[in-house]
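These notes are about the structure you will find just below.
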Amino acid sequence: MKVASFNINGIKARLPAVLDWLQEAAPDVAILQEIKTVDAGFPREPFEDMGYNVETHGQKSFNGVALISKLPLEDVVRGLPDPEGAGREGADDEEARYIEATVVGARAVRICGLYLPNGNPAPGPKYDYKLRWMERLEARAKALLSQEECFLMAGDYNVIPQAEDAARPEAWTDDALFLPETRAAFRRLVNLGLTDALRARTLAPEFYTYWDFQRGAWARNDGIRIDHFLLSPQCADLLEDCRIDKEVRAREKPSDHVPIWVSLAA
DNA sequence: ATGGTAGGGATCCTA
């Protein structure tokens with residue numbers, strides 16, 4: 001089972017590019033972030049024509065996530081459950097950043113698609129929201145781990161985990177993506193027992209997933225690694241490969257992110 | 001220290 005994640009930065013502007021990539025990469029499941037439209041505005045038909053099921057959790061203008069799958073998407077939950085919501089599922093978040101569903105291939109895998117808040121400027125209310133959101137994500141991971149679920153959490157984390165994950169780490173020292181508190185929250189999540197799939201497959205640096213539209217970042221390879229796949233122990237057992245489709249960034253009308261994907265024996 | 005580019009959709013916000 002091939003599962004991909006791609007921050008497309010607007011489905012309306014990116015539809016041809018996303019369809020071209022889907023056609024050739026042919027993931028079984030795709031997790032999309034920043035669809036930047038309400039559910040009714042998402043162009044389902046071209047995806048369904050390619051044999052994909054579509055589930056969206058959209059929002060006007062900003063954010064928005066979607067799951068695209070050749071296998072049925074079961075038990076869909078929209079919105080990150082609030083740990084203080086006493087079991088209430090979804091819809092606790094005014095921003096559409098999270099969607100979960102189960103796909104059943106050779107094995108059942110719970111797919112958690114996320115678009116973690118950027119958090120800039122830091123400090124400030126946006127950064128507070130980012131840290132609260134990371135706490136809620138950690139609580140969700142704990143709940144799924146306690147059930148010994150085979151699951152993965154993938155998407156745009158807006159977290160640069162380590163200095164080697166940035167071409168110019170010194171440029172990010174005061175940024176919400178790289179502040180010590182941000183990286184500590186990400187480590188707490190990983191240290192629950194999750195596997196960073198890219199790092200599990202290679203120790204080589206320079207696996208960036210994002211290059212800013214500004215300042216010629218792509219031309220200078222001034223990138224950062226902020227899109228991640230974190231796998232539960234049961235899911236990590238099935239990990240065959242993890243790669244980044246870097247060449248997608250060089251195409252016509254690219255997103256500022258590129259796809260990252262895992263291959264699972266599932 | 002600043003501003004550079006892109007998307008959405010409205011003449012500005014977010015990244």
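Labels below follow one simple rule: chain letters A, B, ... track the order of the sequence lines, proteins then strands, and each chain is numbered from 1.
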Answer with base, sugar-phosphate or nothing: what part of the nucleic acid does Arg249(A) contact at a heavy-atom distance below 4.0 Å? nothing
Between dA15(B) (C1') and Asp156(A) (CG): distance, integer Å: 10 Å
Mind checking side chain to side chain donor-acceptor pair (under 3.5 Å) for Lys130(A) and listing every partner two or more places apart, or none if nothing turns up? none
Check the distance between dC13(B)'s C1' and Asn120(A)'s CG and give it to me in whole angstrom. 14 Å
For nucleotides dA1(B) and dA15(B), find the distance between their P atoms and express it as a whole number of Å. 24 Å
Any Asp93(A) side-chain heavy atom under 4.5 Å of Tyr98(A) side chain: no
Could you tell me which residues satisfy salt bridge (charged side-chain N to carboxylate O under 4.0 Å, His left out) with Asp196(A), sequence neighbours excluded, listed by chain and number? Arg225(A)
Is there any protein nitrogen or oxygen under 3.5 Å from a nitrogen or oxygen in nucleotides 5-8 of chain B, and what are the pairs?
| residue | atom | partner | partner atom | Å |
| --- | --- | --- | --- | --- |
| dG7(B) | OP1 | Arg14(A) | NH1 | 3.1 |
| dG7(B) | OP1 | Arg14(A) | NH2 | 3.4 |
| dG7(B) | OP1 | Lys253(A) | NZ | 3.4 |
| dG8(B) | OP1 | Lys12(A) | N | 3.3 |
| dG8(B) | OP1 | Ala13(A) | N | 3.3 |

Determine the Euclidean distance between corresponding C1' atoms of dA10(B) and dA6(B); express it in Å to zero decimal places. 16 Å
Between dT11(B) and dG7(B), how far apart are the C1' atoms? Round to whole Å, please. 15 Å
Between Glu95(A) (CD) and dC13(B) (P), how many Å, whole number? 15 Å
Can you tell me how far apart CD1 (Ile226(A)) and CG (Asp256(A)) are? Round to the nearest 0.5 Å. 8.0 Å
Who are the side chain to side chain donor-acceptor pair (under 3.5 Å) partners of Asn63(A), not counting sequence neighbours? Gln59(A), Arg97(A)
With sequence neighbours left out, which residue pairs that include part of residues 55-67 of chain A fulfil the salt bridge (Lys or Arg N to Asp or Glu O under 4.0 Å) condition? Glu55(A)-Arg78(A)
Both Gly119(A) and Val38(A) contact DNA chain B. Which one's nearest nucleotide lies toward the 5' end? Val38(A)
Distance between P atoms of dG9(B) and dC13(B) (Å, rounded): 16 Å
Under the salt bridge (Lys or Arg N to Asp or Glu O under 4.0 Å) definition, can you give me all pairs with a residue in residues 245-255 of chain A, not counting sequence neighbours? Glu24(A)-Arg251(A)
Nearest-angstrom distance from the residue atom CG of Asp174(A) to C1' of dA1(B): 14 Å
So Tyr115(A), base contact, sugar-phosphate only, or nothing? Heavy-atom distance under 4.0 Å. sugar-phosphate
